[in-house]
Amino acid sequence: MSSSTSASRTTAEADGRRSSGRPSPSPGGGLGQALGDGWTIAKRNLIRIKRVPDLLVGSIVSPIMFVLLFAYVFGGAITLPGADGSIPDPRAYREFLIAGIFAQTVIFGATITGSGMAQDLKTGIIDRFRSLPMAPSAVLVGRTTADVVNNVLTVVIMTLTGLLVGWRITTSVGEAVLGYLVLLFFAYCVSWIMAYLGLLVRTPEVFNNVTFIVIFPLTFIANTFVPLETFPTVLRVFAEWNPVSSVTQAARELFGNLQPGAPDPTAWPLQNPVLYSVLWGVVMLVVFVPLTVRQYQRAAAR
Amino acid sequence: MRAPRLEQVQGEVSAEHPAVGGARYGPGMTPTTSPRSREDHPVVAEGLVKRYGAVTALDGLDLAVPRGSVLGVLGPNGAGKTTAVRVLTTLLRPDAGRAVVAGVDVLADPAGVRRRIGVSGQYAAVDEQLTGTENLRMVGDLYHLGRGPSRARARELLERFSLTEAADRPVKTYSGGMRRRLDLAGALVAEPEVLFLDEPTTGLDPRSRLGMWEVISELVSGGTTLLLTTQYLEEADRLADSIAVIDTGRVIAEGTADQLKAQIGGERVELTVGRDADVATAREALHRAGAEDVSVDERARSLSAPVTGGTAALVAVLGALRETDAEVLDAGVRRPTLDDVFLTLTGRAAEDDAPDDGGTGGEAGGETSDAGGRGRRGRHRREGEAR
C-alpha cells in the first residue's frame, strides 16, 4: 500500500487542486426536480429507441401484418351489419378495421414499458439510479414518456398503411387529432400498468409471455376486428364494457369510420366512448402511478 | 456545500493506518473495537441484520471506515458483502441495526446519504446503448450538477480513466475493463465523500484487473474514503488499509493485511520433484533447511511446509536441495489465499454451503495475475484456483 501511495502522490495533489472547484450536487427537491429527472431518463430512453431500432421495427411490422391479414384474408368473409346486400363489402370492412388495429397496436406498444423496466432491473442500472439523489418517480415518468414517442411513431406508420389499403379520415382535423389523442392517452395509462407488471415479474421474457396472454384476448374480445352483434351474450357484455372497445369506438367516431346504417350501440360505454375511455385512463393513472412508484422502490430494494 | 476536505492530509497517514479503530486480536479473533471510537468515521455500521426468510444475510454486522482510509471487506460469495453495501448505500433497509454514512443516518435520511456517496456495483451499471459521454452526463444531470458542470465533469472523468477515445461509442462496444472503469467514473461524478465499490474486479481478466487496481489506488491516494468488497485477499492486500473478513453476515476478523496473514498461518514452501525417489530426499532437505511439519503428496510428488521468512526460507531449501541429486521441477513460496483464511477462521472451506448473496460474483475469474501479487507469491497455486 505505502509504495503505491507515494508513487502516485502527485496525482493526489492534482486531485486536491481540482477539488476546490468541483461541482457539487444540489439538494433540489420538489416537482420541478422530479420533472427534470424524468426528462433526463426520457432522453436516455429516446436515445435507446434510436440506437436499437429493432424494438420499433417489431412494433411497426406486426400491425402492418395485421392490417394486411384482416383486410385481405379475413375481411372478405366478415359481414358488417347494416351493409346492404349479402355480399360483404371489403372496402367497408377496411374502413371499420383500421381503428381497431390502432387500438390494439398502441396497447401492445405500451407493453414495451414493462419489458424495459424488467430489463433495467436485470442489468443493474436501476441500482445506479436508486443510489442517485433523484426523484423516485423519475425512472417511471421518463420511461413511460419515451414510450409514448415510440407509440406516436407506430401510429404514423399505421396511418400510412391504412391510407394505402383505402382507409380515410372523413372528419375535421380537430376531431382526427382528438382521435389520436384518445388512443395515445389510453396507451400511456396502460403503460403504467405494464411498468408495474414488469417490476413485479422482473424477467423480460416472462413479462412478454404474461402480457401476451392477457392483452391478446383483451384486444380481441372487443369491437376491434368484428362487430359485437355476432358475439354470444356474455362475451358481448364483456366487450361492451371493455375499454378497448370504447377506445376503438371513439377512434371510429372521431375519424368518421362508423358504418352508415350500422345499429346504434345500446351500451352506455359505447354511446359515450370518449368519456368512458378517458375515465378508464384516469382511474388507471390514479391507481397505478402510486402503486408502480412503490413497487419500483421495493423491487430495487431486494 | 460541504465541509472542506481533510482527506489530503489524512490520506498520507492512512497508508499506515492500523486496524480499524485500532482493533486488537483476542484468541477468538473477534473485533474488540468499542463503538464509541467509531462515531466520527465516515462509515459506521452497528449490528446490521438482514434476513431473507430463513436465510440470514447480515447477522449483526459491525463496520467502520476511518476518514481517508480504505476498508476491504473480504469474504466468499454469500458472506453478506453485497447486502452490506446495499444497506449502506440506502438500497436496502436492514431489519435491525443502524448505519451512518458521511455523517448522515442511512435510515433517517437516505436522500441525504445519496447526495454524498458514490457507488459502483458488481455489474457495470451503465447503459449499453448510450455512449460513455452520454452515460456520465446522465449521471451528472441526475446529481443536478447543472448542464455545464455536468458536461465538463464527464469529459474530465473520461480522460482520467483513459476512455476519451471511446467516449462517443456506445458502451456495448466496450471491453469488460472499460465498462468497469466507466461505472467507477459514474460513481465519482459528484466527487462523493464516501465511495463504495462492490467487487470492482470480479469477472475481469487479469490485465483489466491490474488496470482497475491502478485506477483505484490512484483514487485512494487522493484521500477518498472507500469501502471495497472483494473475494480476493490479494486485492484487499493491495488496495485496503485494513481488512474486515466477513462470513455468514458477521465480521470474523479484522486487521491490516499483514496482521491477518500472520494470523492465518503465513507462508508455505512448496516443491515438486521429478522422480518418486526424490520425494524422500526432498523431505530430508526441507528438514535440514529448518522446515518442520512437512506434508507430502506422493502421487503428485509434491511437498509443502510452513515457513517463516518467505523467499529467504525458499533459498535455504533450494540450497539444501542442491547438495542432493533430486530433480526439482517446481519450487515456490505460496502466500495464504482466501481459502486459507476461511479454512483457518471458520474451519471450513470458503465455498461450502454459503447461501447466495443475492448478487452472484459466481463468474469470478479463477486466476489472478502474478504481477499484482508484488511478485513474491509462489507459482504453485493461485488464489481462487482451489475453489
Side-chain angles (χ1 to χ4, degrees), chain A residues 1-29 32-33 36-37 39-41 43-45 47-52 119-120 122-136 138-139 142 297-298 300-302, chain B residues 1-2 5 8 11-12 15-16 70 86 89-93 111-112 114-119 121-130 134 138-146 149-150 152-153 156 170 183 186-187 189-191 214 217-223 237-241 257 358:
Chain A
M1 190 71 245
S2 46
S3 63
S4 73
T5 304
S6 57
S8 37
R9 186 142 296 151
T10 42
T11 326
E13 282 157 9
D15 271 12
R17 275 196 301 277
R18 187 178 45 73
S19 294
S20 55
R22 76 176 186 278
S24 31
S26 80
Q33 188 206 304
D37 291 349
W39 173 236
T40 302
I41 300 293
K43 271 193 298 189
R44 171 228 171 196
N45 287 315
I47 294 174
R48 288 179 65 90
I49 294 178
K50 200 174 77 187
R51 300 257 161 83
V52 202
Q119 188 68 38
D120 281 353
K122 204 169 139 185
T123 58
I125 196 157
I126 295 284
D127 275 357
R128 157 76 74 208
F129 291 146
R130 280 248 310 151
S131 70
L132 296 176
M134 62 189 277
V139 170
Q297 282 166 309
R298 277 171 149 197
R302 275 224 314 224
Chain B
M1 291 270 163
R2 290 203 249 108
R5 301 221 305 184
Q8 262 65 46
E12 304 192 4
E16 313 298 333
V70 181
R86 292 177 70 84
T89 56
T90 76
L91 295 181
L92 195 62
R93 281 183 79 88
R114 282 177 213 140
R115 278 198 294 276
R116 295 171 171 83
I117 61 170
V119 193
Q122 271 183 55
Y123 298 109
V126 287
D127 192 311
E128 294 235 307
Q129 306 298 343
L130 267 56
E134 286 165 345
M138 176 177 71
V139 173
D141 289 346
L142 293 172
Y143 272 115
H144 316 111
L145 299 184
S150 174
R153 187 72 178 135
E156 178 188 327
D183 193 51
V189 163
E191 300 212 26
E214 267 162 37
S217 35
E218 201 176 299
L219 200 67
V220 161
S221 66
D237 189 358
R238 159 103 180 222
L239 298 174
D241 301 312

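What you are looking at is a predicted structure, and each value in this text was computed from that prediction instead of being measured. A, B, ... follow the sequence lines: proteins, then strands. Residue 1 opens every chain. Computation of the quantities below employed the complete heavy-atom set of this structure, encompassing side-chain atoms and omitting hydrogens, waters and symmetry-equivalent molecules.
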Among the options Leu130(B), Val139(B), Asp141(B), pick out the one with the most heavy-atom pairs lying under 4.5 Å from chain A. Leu130(B)
Taking Ala135(A), Ser131(A), Gly124(A) one by one, which has the highest count of heavy-atom pairs under 4.5 Å against chain B? Ser131(A)
Using non-hydrogen atoms and a 4.5 Å limit, figure out which bit of Ala257(B) sits close to chain A: side chain, backbone, both or neither. neither
Check whether Lys43(A) gets within reach of chain B through its side chain, its backbone, both or neither, counting any heavy atom under 4.5 Å. side chain
Minimum side-chain heavy-atom gap Asp127(A)-Arg86(B) below 4.5 Å: yes
Does Gln129(B) have any side-chain contact (heavy atoms from CB on, under 4.5 Å) partners at least two apart in sequence or in another chain, and if so, which? Arg48(A), Arg51(A), Val52(A), Asp127(B), Lys172(B)
Given side chains that start at C-beta, do those of His144(B) and Asp37(A) come closer than 4.5 Å, heavy atoms only? yes
Once rounded to the nearest 0.5 Å, what's the spacing between atom CD of Glu128(B) and atom OG1 of Thr123(A)? 8.0 Å
Enter the distance from Met138(B):CE to Ile125(A):CD1 here, rounded to the nearest 0.5 Å. 4.5 Å
Where Val119(B) and Arg128(A) come nearest, the two heavy atoms and their spacing: O-NH1, 2.9 Å
Ranking Pro170(B), Gly186(B), Ala111(B) by heavy-atom pairs under 4.5 Å to chain A gives rank one to Gly186(B)
Kindly give the heavy-atom pair with the smallest separation between Arg130(A) and Thr90(B), and that separation in Å. NH2-O, 3.6 Å
Can you tell me how far apart CZ (Arg114(B)) and CZ (Phe129(A)) are? Round to the nearest 0.5 Å. 14.0 Å
